[in-house]
Amino acid sequence: MSDPVLVHVEDRIAVLTVNDPERRNAVTFEISAALREAVDAAEADTDVHALIVTGAGKAFCAGADLSALGEATEDGLRKIYDGFLAVADCALPTIAAVNGAAVGAGLNLALAADVRIAGPAALFDPRFQKLGIHPGGGATWMLQRAVGPQVARASLLFGMRFDAESAVRHGLALAVADDPVAAARELAAGPAGAPREVVLSTKASMRATANPGVVDTDQHGVAVGIELGPQATSIQSPEFAQRLAAARRK
């Protein structure tokens, strides 16, 4: 069996690749745990100054695996979240190289990074409402932080999706690149060439000054807690069970 997350460290940059291309890198408990382990290892490695996350094959991440999601309690949801929360909590500068579709929990994974580089085929799609479930993992906070309240509401309440160009236009992605991993590596060369302690302290300061008095990871944690109950309730609804059954038949 292939490793659920591939790790490659070169030139002080760790590249983490979610590695289940046949299922479009849908998040399972195993993938989430492997992401957490890989992020923690990168943080502990003093020779790593920046982290890139991407997906194997054509998709970045197609969201949570529906079987895992359909069986999830609040504890199960937290296990699904844990991989992208590791990226969100990471002390290193992080870049999401979004090579394809980033859907639901996959959008959360992209939003968890400091910067997003979109490939030509990138698609940022919340899809929570279409699935009949409440957003989770701090999606409401992360998306509003990235694009502002109006665009975030257009996305989460009205189903607005973003291709690569519109993602840049709305501030969801920094740039479009034919090879988003290569572009992310080029960007990551900045922190890779700087003293690690300066890199870490600069990110820590930016977290603390975005909203003085509150570290942004604390705000994210509050958002996760606010969303957790409504999302768990929506997953247990008969409507979601019907949608899940229909999706499994496809």
Side-chain angles (χ1 to χ4, degrees), residues 18 23-33 35-36 59-89 96 98 101-113 116 123-162 167 170 172 214 216-250:
V18 182
R23 295 192 307 160
R24 296 169 57 80
N25 305 317
V27 179
T28 60
F29 295 139
E30 181 183 25
I31 284 176
S32 184
L35 263 176
R36 167 64 71 176
F60 177 73
C61 176
D65 175 78
L66 288 179
S67 295
L69 188 61
E71 297 168 2
T73 60
E74 288 192 10
D75 286 344
L77 288 171
R78 288 191 180 275
K79 289 179 181 178
I80 292 171
Y81 302 162
D82 196 50
F84 62 76
L85 290 180
V87 176
D89 294 341
V98 184
V103 179
L107 175 60
N108 283 356
L109 177 58
L111 288 168
R116 287 155 291 283
L123 177 67
F124 300 83
D125 183 0
R127 205 173 294 184
F128 295 107
Q129 192 173 76
K130 187 173 182 180
L131 286 172
I133 62 174
H134 189 283
T140 57
W141 177 78
M142 288 192 292
L143 194 56
Q144 289 188 88
R145 179 182 64 165
V147 299
Q150 178 173 250
V151 176
R153 291 182 188 196
S155 183
L156 293 174
L157 296 176
F158 297 95
M160 179 178 176
R161 307 187 302 172
F162 309 86
H170 290 291
L172 183 55
V214 182
D216 67 359
T217 50
D218 294 338
Q219 293 177 286
H220 193 174
V222 170
V224 170
I226 289 170
E227 295 170 359
L228 187 61
Q231 187 179 53
T233 298
S234 65
I235 286 170
Q236 295 161 7
S237 70
E239 292 83 0
F240 178 68
Q242 292 171 1
R243 292 171 190 261
L244 181 60
R248 286 171 170 167
R249 288 194 294 269
K250 291 181 179 179

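The CG atom of Leu143 sits 11.5 Å away from atom CZ of Arg153, with the distance rounded to the nearest 0.5 Å. Rounding to the nearest 0.5 angstrom, the gap separating the OG1 atom in Thr73 from the CD atom in Gln236 is 8.5 Å. The NE2 atom of His134 sits 9.5 Å away from atom CD1 of Ile226, with the distance rounded to the nearest 0.5 Å. Here the OG1-CG distance, from Thr233 to Leu228, works out to 9.0 Å after rounding to the nearest 0.5 Å. Considering CZ of Phe60 and CG of Leu123, their distance stands at 12.5 Å, rounded to 0.5 Å. For the atom pair CD1 of Ile31 and CZ of Phe84, the computed distance is 13.5 Å after rounding to the nearest 0.5 Å.
Residues Glu74 and Ala232 come closest through the heavy atom pair CG-CB, 3.7 Å. In terms of heavy-atom proximity, Ala113 sits nearest to Ala96 at CB-N, 3.5 Å. Residues Asn25 and Ala59 approach most closely at ND2-O, 2.9 Å, considering heavy atoms. Between Thr217 and Asp89, the shortest heavy-atom contact is CG2-OD1, 3.9 Å. When all heavy atoms of Ile235 and Phe240 are compared, the pair lying nearest together is O-CD2, 3.2 Å. Residue Ala110 comes nearest to Val98 through the heavy atom pair CB-CG2, 4.1 Å, listed as atom of the first residue, atom of the second, then distance.
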**Request:** Would you check, one step at a time, whether the test side-chain contact (heavy atoms from CB on, under 4.5 Å) holds for Asn108 with Phe128?
**Result:** CA-CA 11 Å; Asn108 283 356; Phe128 295 107; 4.1 Å; yes

**Residues Glu227, Tyr81; criterion side chain to side chain donor-acceptor pair (under 3.5 Å); working and verdict** = CA-CA 12 Å; Glu227 295 170 359; Tyr81 302 162; 5.7 Å; no

**Prompt:** Passes side-chain contact (heavy atoms from CB on, under 4.5 Å), Leu109 versus Leu35? Steps please.
**Reply:** CA-CA 10 Å; Leu109 177 58; Leu35 263 176; 4.2 Å; yes

**Request:** Please assess Phe162 against Leu107 for the test side-chain contact (heavy atoms from CB on, under 4.5 Å), listing each intermediate value before the final yes or no.
**Result:** CA-CA 11 Å; Phe162 309 86; Leu107 175 60; over 6 Å; no

**Message:** Applying side-chain contact (heavy atoms from CB on, under 4.5 Å) to Asp218 and Val222, what does each step give before you reach the verdict?
**Reply:** CA-CA 6 Å; Asp218 294 338; Val222 170; 5.8 Å; no

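Other residues, nucleotides and ligands place more than 12 heavy atoms under 6.0 Å from the CZ atom of Arg145. More than 12 heavy atoms of other residues, nucleotides or ligands shown are found within 6.0 angstrom of CZ on Arg36.
For the pair Ser155 (side chain) and Val151 (backbone), a donor-acceptor distance under 3.5 Å is absent. When atom types are taken as modelled, the side chain of Ser32 and the backbone of Ile80 share a donor-acceptor pair closer than 3.5 angstrom. The closest donor-acceptor contact from the side chain of Gln144 to the backbone of Pro149 lies at 3.5 Å or more, if one exists at all.
In this structure, Leu85 and Arg78 have side chains that are not in contact, with every pair of non-hydrogen atoms separated by 4.5 Å or more. For the pair Cys61/Val18, no side-chain contact is recorded, criterion being any heavy-atom separation below 4.5 Å from C-beta on.
Salt bridge annotation for Lys130-Asp125: absent, with no cationic side-chain nitrogen under 4.0 angstrom from a carboxylate oxygen.
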